[in-house]
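A short write-up of the structure that comes next.
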Amino acid sequence: MFIVNSEKMKLKQVLKKTIYPKAPYNFDYSVHNPSHYPTPLVKYERGRLWFSFRFKEKLAGVKFIDKGEIDKPKIEATVYYRNKLDKTFEDELFRELDYRFQLQEDYSEFYKKFEKDKIAGKVIRKFKGMHNFCIKGLYEYLMIAILLQNATIKRTVQMTDSILKNYGDTINFDGVKLYSIWKPENLLKVSESELRSLKVGYRAKSFIRATEDYLKINEYSMRKLDNLELRKELLKIYGVGPASVDYIMTGVFHRNILNTIPPWEAKIYSKLIGLNTTNPKKIMELLDKRYGRYKSYVMGHLFMDISWKHKHKRIDWMEKLLPY
DNA sequence: CATCAGGGCCCTG
DNA sequence: CAGGGCCCTGAT
């Protein structure tokens, strides 16, 4: 017996605002990551992005339209909600969008240092203006991280679809229908066995325990922690281990770190840098030596490049490493 | 048909 | 700190 408590809402336009990111800003590279598995939480087209956005108890829809150029960036942002928002909330919402999309982040030091790098320079120039964005908040990302664990992409997609269908909220705006990850409180009304019936296996327990843990912490104050403290706090969350913590730190918290390289990524990295080893330790040594504290940016760029190429024209060896 | 490895993590000894 | 167990699915 399912408890159906998902919201289904049609939203209307309540606010339109122009955003001026810090140049250089490449819209498409800064709102879409083709290496992420497809979810019905976001819709992307060239120059356009729609996403569900739960912030401070309110579930809104947001549309971004690219109206600028890399050196003169400009985004038209439209917010959709049930009813008019008050000014304070609007300001907070845009401050949050600024954080999640790292709109004002300055990467000039990085470009100066590595734009001419023999290995990565070409790609860094090609992706100039890519900001390190993450549309999701901590809770949503936690759920995604659990869905990714110990599963192939295909299985992850299946589990995501069925859990969203049963417990996700849906919104309609601007002719687009999107899901949103449920409110954490609502998942606690669901029993572990109900979740298990969606074929998520032992992850059912993780969803629940991680939700309980999330409700005890405050992701906004965690942003002030340094890398070590933040890592320690995140690892306390049930279901978060060394692999997930790195994704969460670089994604949700925009920390510039690269601590562990999972084997499947090691294979990709080795190919990208042209190494003769797929040993994560060896790869890490090289990255440290050559790129120091910018190693995660460099790898981020190389990884983005191969993902975009793969998106447009399937690449054989990527196909093998990212089996659907 | 059986077996096994996946884009890990928890728990135990 | 190493290693077993865990859910399901598709490949062999």
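Here is the naming used below: chain letters follow the sequence lines, and residue numbers restart at 1 for every chain.
Using a 4.0 Å cut-off, some side-chain N or O of A:Lys199 falls inside it from OP1 or OP2 of C:dT9. Between C:dC7 and A:Gln158, no contact under 4.0 Å exists linking OP1 or OP2 to a side-chain N or O. Taking 4.0 angstrom as the limit, A:Ser244 places a side-chain polar atom (N or O) nearer than this to OP1 or OP2 of B:dC9. Taking only side-chain nitrogens and oxygens, A:Arg155 never comes nearer than 4.0 Å to OP1 or OP2 of B:dG6.
Near DNA chain B, defined here as any heavy-atom distance below 4.0 Å, the residues from residues 235-243 of chain A are A:Ile237, A:Tyr238, A:Gly239, A:Val240, A:Gly241, A:Pro242, A:Ala243, listed numerically.
A:Leu142 has its CG atom 12 Å from the P atom of B:dC9, to the nearest Å. Taking atom CG of A:Asp161 as the reference point, atom P of C:dT9 lies 14 Å away to the nearest angstrom. Residue A:His36 contributes atom NE2, which lies 12 Å from atom C1' of B:dG7 at whole-angstrom precision. What separates CD of A:Gln149 from C1' of B:dG8 is a distance of 5 Å, to the nearest Å. A:Leu148 has its CG atom 18 Å from the P atom of C:dC8, to the nearest Å. Summarising the geometry, the separation between CD on A:Glu192 and C1' on B:dC10 is reported as 13 Å, rounded to the nearest angstrom. Atom CG in A:Leu234 sits about 12 Å away from atom P in B:dC10, given to the nearest Å. We find that CD1 of A:Ile144 is positioned 15 Å from P of B:dC9, with the value rounded to whole Å.
Across all strands shown, A:Arg196 has heavy atoms under 4.0 Å from sugar-phosphate atoms exclusively, and none from any base.
Look at A:Lys8 and A:Asp169 and you find no salt bridge, because none of the NZ, NE, NH1 or NH2 atoms lies under 4.0 Å from a carboxylate O. A salt bridge between A:Arg48 and A:Asp66 is absent, with no side-chain N of the basic residue lying under 4.0 Å from a carboxylate O of the acidic one. The residues A:Lys17 and A:Glu90 are annotated as not salt-bridged, no charged nitrogen and carboxylate oxygen being separated by less than 4.0 angstrom. A salt bridge does not link A:Glu212 with A:Lys216: none of the charged nitrogens is closer than 4.0 Å to a carboxylate oxygen. Using a 4.0 Å cut-off between charged nitrogen and carboxylate oxygen, A:Glu92 and A:Arg95 do not count as a salt-bridge pair. Ion pairing between A:Glu69 and A:Lys74 fails under the 4.0 Å rule for side-chain N and carboxylate O. Salt bridge annotation for A:Asp246-A:Arg231: present, with a cationic side-chain nitrogen under 4.0 angstrom from a carboxylate oxygen.
Side-chain proximity of A:Asn150 to C:dC6, B:dC9, B:dG7: nearest is C:dC6. Comparing C:dC6, C:dG10, B:dG7 by their nearest atom to the side chain of A:Thr152 picks out B:dG7.
A donor atom on one side chain and an acceptor atom on the other are found under 3.5 Å apart for A:Asn186 and A:Lys189.
One C1' atom belongs to C:dC1, the other to B:dG7, and the distance between them is 24 Å to the nearest Å. Atom name P, nucleotides B:dT12 and C:dC7: the rounded distance is 15 Å, in whole Å.
Taking hydrophobic clusters as Ile, Leu, Val, Met, Phe, Trp and Tyr residues chained together by side-chain heavy-atom distances below 4.5 Å, A:Tyr220 shares a cluster with A:Leu138.
One can find a donor-acceptor pair under 3.5 Å joining the base of B:dG8 and the side-chain atoms of A:Tyr202.
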request  = Return one dot-bracket line describing DNA chain C 5' to 3' (Watson-Crick or G-U wobble pairs, both distances under 3.5 Å; ( ) same strand, [ ] crossing, | another strand, . none).
outcome  = ||||||.|||||

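Geometrically, A:Lys58 engages A:Phe89 in a cation-pi contact, judged by NZ or CZ lying under 6.0 Å from the ring centre and within 45° of the ring axis.
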